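Every heavy atom of this structure was used, including side-chain atoms; hydrogens, water molecules and symmetry mates were not. Chain A is the first sequence line, chain B the second, and so forth, proteins listed ahead of strands; every chain is numbered from 1. On a predicted model such as this, the values are computed, not experimentally measured, just so you know.
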Number of protein chains: 2
Amino acid sequence: MATTIRDVARAAGVSASTVSRALSNPEMVSDSTRELVQRTAQRLGYRPNPAARRLITGRTQNIGIVLPDLGNPVFPSIVKGIQSRARENGYCVLLSDSDEDPSGEPALVRTLASQVDGVVLCSPRMSTEDLRSMAGLLPLVVVQRTVDHIPAVVFDNADGIQQAVSHLHALGHRRIAWGGGPERSYSQERRTRALREATAQLGMELLEVGHFAPRFSSGLMVADLVLSGEATGVIAYNDLMALGVLHRLHARGVAVPGEISVIGHDDIPFAGMVHPALTTVALSTERAGRAAVDLLVSLLESPDQTPGLHRTLPCELQIRASTGLCRCGPGPLHETGAPHETTGAIRRTTGAIRRTTEAIHRTTDADPAPA
Amino acid sequence: MATTIRDVARAAGVSASTVSRALSNPEMVSDSTRELVQRTAQRLGYRPNPAARRLITGRTQNIGIVLPDLGNPVFPSIVKGIQSRARENGYCVLLSDSDEDPSGEPALVRTLASQVDGVVLCSPRMSTEDLRSMAGLLPLVVVQRTVDHIPAVVFDNADGIQQAVSHLHALGHRRIAWGGGPERSYSQERRTRALREATAQLGMELLEVGHFAPRFSSGLMVADLVLSGEATGVIAYNDLMALGVLHRLHARGVAVPGEISVIGHDDIPFAGMVHPALTTVALSTERAGRAAVDLLVSLLESPDQTPGLHRTLPCELQIRASTGLCRCGPGPLHETGAPHETTGAIRRTTGAIRRTTEAIHRTTDADPAPA
DNA sequence: AACAACTCTGCAAACGTTTGGCCTGGACGC
DNA sequence: GCGTCCAGGCCAAACGTTTGCAGAGTTGTT
């Protein structure tokens with residue numbers, strides 16, 4: 001049997017309550033007893049039983065993480081951030097991976113609820129009502145999503161898109177494609193909106209290519225769609241998709257950035273490891289994890305003061321080798337109204353695989369995005 | 001306040017102990033009371049307080065994971081396996097990332113110890129004595145490592161190496177390099193030994209290139225060393241390094257597999273996403289995670305029967321595009337004793353960056369590996 | 001010198017479960 | 001009809017802490 005607080009008390013010749021105080025509220029006992037108790041506890045190798053402590057205090061000193069897929073490299077990075085900050089604050093983390101099943105996530109949160117003080121929820125697709133009911137259950141911080149009064153850490157999606165678009169614009173691109181993510185995802189929605197605004201403002205054409213699972217394989221499809229849509233640049237929902245795009249373009253013999261420029265989102269570690277290295281909207285994911293913990297801990301430990309509920313982190317376009325000058329020369333297309341000059345590279349794609357027609361939507365100035 | 005077992009008892013008109021039994025040992029109460037209690041509990045939304053339960057039973061229904069770096073893509077995959085199997089068995093997982101600091105890991109295990117029933121330890125570099133003392137602390141399963149009586153899940157490293165080497169041999173390679181991992185790592189030691197044996201047996205020359213952190217950046221260095229060593233094939237400690245090798249070779253204009261073949265270890269998701277797709281010794285990491293949990297759970301729930309302590313999982317060489325025919329023609333070199341014909345590609349590397357001379361060891365038939 | 005104020009420590013209750021032992025009532029065998 | 005046995009349920013103790021309250025001792029004030 002492990003040594004208990006009573007063993008320490010007996011050995012030190014004091015009462016259990018004194019031991020408890022000496023260890024957790026040192027300022028409540030005299031210097032001499034504190035010293036004595038601490039030495040004795042040390043000597044006996046006493047470790048407080050967390051179950052007993054949390055039974056009486058109701059505090060677990062644990063925080064939970066719920067996320068859709070640890071296989072997506074953004075999440076390990078967020079988790080690392082959460083982990084390290086949590087440890088700094090004396091918390092352990094419980095991890096729960098929903099395997100991309102948003103409908104199962106409430107159950108995961110409920111399971112966690114009884115053994116954590118709060119959870120960091122990365123759930124781009126959980127319904128808002130579920131989210132609210134989860135927030136009613138226990139302290140919650142969501143990542144990359146905002147729902148009225150629930151604390152959140154988000155990235156400045158619009159600014160990231162803005163940077164990406166103006167980068168492409170500066171390189172002469174006038175017709176770009178958007179390889180969209182999951183339909184109901186928060187970032188998807190934000191980015192799409194920002195994209196419509198940014199392209200409209202710069203007089204660029206935007207080709208919206210479907211909704212896809214945020215995976216490598218989706219990128220393969222996106223690449224073909226982009227080629228058939230004759231865009232000269234493509235922005236992908238995330239890096240996995242962008243890598244898929246690069247892969248497929250390479251396989252089809254399309255030069256990047258020579259013929260098509262590619263931009264991703266997230267800046268996962270691999271983005272810089274491929275050829276050509278991927279230009280991407282970098283999200284400081286580890287920092288986001290830490291920020292989420294900071295928010296959660298301040299919520300838990302000083303519930304009276306309400307700090308800013310939402311924390312917005314900046315995005316930074318990481319320019320690497322997958323973006324370059326547009327071959328087609330500058331100038332917005334809609335000025336002439338004619339289909340723009342297709343290079344050999346792009347002509348080559350005519351008749352390429354077409355997925356479903358409804359996966360392609362064109363947005364132009366004439367069809368402005370809703371505010 | 002949450003509803004307690006007593007609330008349920010009162011509402012159902014039975015005692016608390018009956019409620020407890022009806023819920024956790026249903027066969028101990030009559031059908032009618034069980035029905036009644038379960039309905040009442042359901043109706044009141046009763047959720048047992050795990051702290052109270054674990055205080056009395058000593059069981060937490062949690063398992064811990066300690067690993068060196070969630071940023072290395074093998075680990076998320078192992079964690080997913082652990083997670084899903086743990087959930088199937090009614091356990092939650094606590095995650096602890098040591099940030100590649102083996103000396104900090106015992107402390108992490110100790111912290112976890114008080115709130116888990118056992119831990120899965122992925123610690124390639126913790127000292128054996130630390131490992132033993134951890135095993136004395138609580139039930140433990142180690143992954144990819146064997147220490148006498150500690151349960152473990154390992155891969156058949158030797159067989160993986162064997163497959164990789166004979167693959168290269170079949171393609172005509174006679175002089176291959178080994179981009180080694182961390183010096184004290186278990187797999188490093190096993191693989192190196194297997195490599196020496198396999199090459200010796202096939203009459204191939206082995207160029208052992210240093211000890212490196214298992215990272216992409218290490219691969220960059222390895223590539224240069226390999227070129228200067230005039231090998232035609234390289235096996236890397238893991239895929240991250242192998243990707244680094246590919247990257248650097250590409251940057252230096254060396255064709256893969258035209259001039260050099262590259263093999264990695266792990267089969268991380270990205271291995272198949274790069275150009276050329278990486279041939280690699282695939283480890284079924286998710287399966288390893290599940291196996292570790294199976295081992296741990298059987299240890300926890302039936303401590304009397306001792307199942308096989310070590311579980312060995314097979315490796316499978318995943319042949320992709322990064323390996324190909326050797327340009328230098330077949331035939332072992334030691335038959336002639338002459339340095340083999342260097343192609344233009346390899347000559348190009350003469351005088352290339354040399355790191356430290358002691359980072360290069362040559363092993364030939366004349367210098368057989370210790371058993 | 002008496003009293004007040006304060007510091008330090010001990011006592012005991014409480015947290016919400018599980019579980020061994022005991023009690024009750026009914027079924028069954030003789 | 002009486003004794004035995006057993007299923008089903010209740011009581012109470014226990015798990016290891018924390019914490020409100022009260023008491024003891026010490027110091028300071030009038």
Side-chain angles (χ1 to χ4, degrees), chain A residues 1-41 44-62 90 92 111 113-117 300-301, chain B residues 1-41 44-62 90 111 113-117 138 300-301:
Chain A
M1 215 64 257
T3 74
T4 78
I5 204 172
R6 271 181 245 278
D7 299 330
V8 178
R10 201 173 318 119
V14 297
S15 75
S17 39
T18 301
V19 174
S20 172
R21 281 189 267 259
L23 297 177
S24 26
N25 293 70
E27 74 284 0
M28 291 184 71
V29 303
S30 70
D31 293 5
S32 57
T33 35
R34 181 192 326 138
E35 181 86 3
L36 170 65
V37 168
Q38 287 178 347
R39 259 213 321 275
T40 313
L44 300 186
Y46 168 68
R47 304 186 68 84
N49 178 327
R53 174 177 288 172
R54 72 180 59 170
L55 178 58
I56 185 90
T57 63
R59 297 288 308 273
T60 64
Q61 292 297 106
N62 286 161
C92 284
T111 306
S114 55
Q115 40 189 338
V116 300
D117 295 333
L300 292 173
E301 300 188 350
Chain B
M1 214 64 258
T3 75
T4 79
I5 204 171
R6 270 182 245 279
D7 299 330
V8 178
R10 202 174 315 118
V14 297
S15 77
S17 40
T18 301
V19 175
S20 171
R21 283 190 259 261
L23 297 177
S24 26
N25 293 67
E27 75 284 0
M28 291 184 70
V29 304
S30 70
D31 293 5
S32 57
T33 33
R34 181 193 326 139
E35 181 85 1
L36 170 65
V37 168
Q38 288 177 345
R39 258 213 322 275
T40 313
L44 300 186
Y46 169 67
R47 305 186 67 81
N49 178 327
R53 173 177 288 171
R54 73 180 56 171
L55 178 58
I56 185 90
T57 63
R59 297 288 309 274
T60 64
Q61 293 297 105
N62 285 161
T111 306
S114 54
Q115 39 189 337
V116 300
D117 295 332
L138 83 173
L300 293 173
E301 301 188 349

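Summarising the geometry, the separation between CD1 on Ile56(A) and P on dG16(D) is reported as 15 Å, rounded to the nearest angstrom. Taking atom CZ of Arg10(B) as the reference point, atom C1' of dC11(D) lies 16 Å away to the nearest angstrom. As a whole-Å value, the separation of Leu44(A) CG from dG16(D) P is 15 Å. Distance Gln61(B) CD to dT17(C) C1': 14 Å, rounded to the nearest Å. Atom P of nucleotide dA13(C) and atom CG of Leu55(A) are separated by 17 Å, given to the nearest angstrom. Atom-to-atom, OH of Tyr46(A) to P of dT18(D) comes out at 6 Å; the value is rounded to the nearest Å. The distance from atom CZ of Arg34(A) to atom C1' of dT7(C) is 13 Å, rounded to the nearest whole Å. Between the CD atom of Glu27(A) and the P atom of dC8(C) there is a distance of 11 Å, given to the nearest Å.
The backbone N or O of Gly90(A) lies less than 3.5 Å from a partner atom in the side chain of Gln61(A), making a donor-acceptor pair. In this structure a side-chain-to-backbone donor-acceptor pair under 3.5 Å is missing from Asn25(A) to Met28(A). In this structure a side-chain-to-backbone donor-acceptor pair under 3.5 Å is present from Thr60(A) to Asp117(A).
Checking dT17(D), dT18(C), dG10(C) against every side-chain atom of Arg53(B), the shortest atom distance belongs to dT18(C). Of the candidate nucleotides dT17(D), dT18(C), dT9(C), dT17(D) has the atom lying nearest to any side-chain atom of Arg6(A). Ranking dG9(D), dT17(D), dG16(C) by closeness to the Val29(B) side chain, first place goes to dG9(D). The nucleotide whose nearest atom lies closest to any side-chain atom of Arg21(A) is, among dT17(C), dT9(C), dG21(C), dT9(C). When each of dT17(C), dT9(C), dT17(D) is scored by its nearest atom to the side-chain atoms of Ile5(A), the top-ranked nucleotide is dT17(D). When distances run from any side-chain atom of Thr4(B) to the nucleotides dT18(D), dC10(D), dG16(C), the shortest one goes to dG16(C).
Heavy atoms of Pro50(A) sit nowhere under 4.0 angstrom from any nucleic acid atom.
Scanning atom types as modelled, no donor and acceptor separated by under 3.5 angstrom connect the side chain of Arg54(A) and the base of dG16(D).
OP1 or OP2 of dC15(C) has not a single side-chain nitrogen or oxygen of Thr57(A) nearer than 4.0 Å. Under 4.0 angstrom from either OP1 or OP2 of dT9(C) there lies at least one side-chain N or O belonging to Ser30(A). Of the side-chain N and O atoms in Ser17(A), none sit less than 4.0 angstrom from OP1 or OP2 of dT17(D). Note on Ser15(A): a side-chain N or O is less than 4.0 Å away from OP1 or OP2 of dG10(C).
At a threshold of 4.5 Å between non-hydrogen side-chain atoms, the residues Val14(A) and Val19(A) count as touching.
We find the CG-CZ distance between Leu44(B) and Arg10(B) to be 10.0 Å, quoted to the nearest 0.5 Å.
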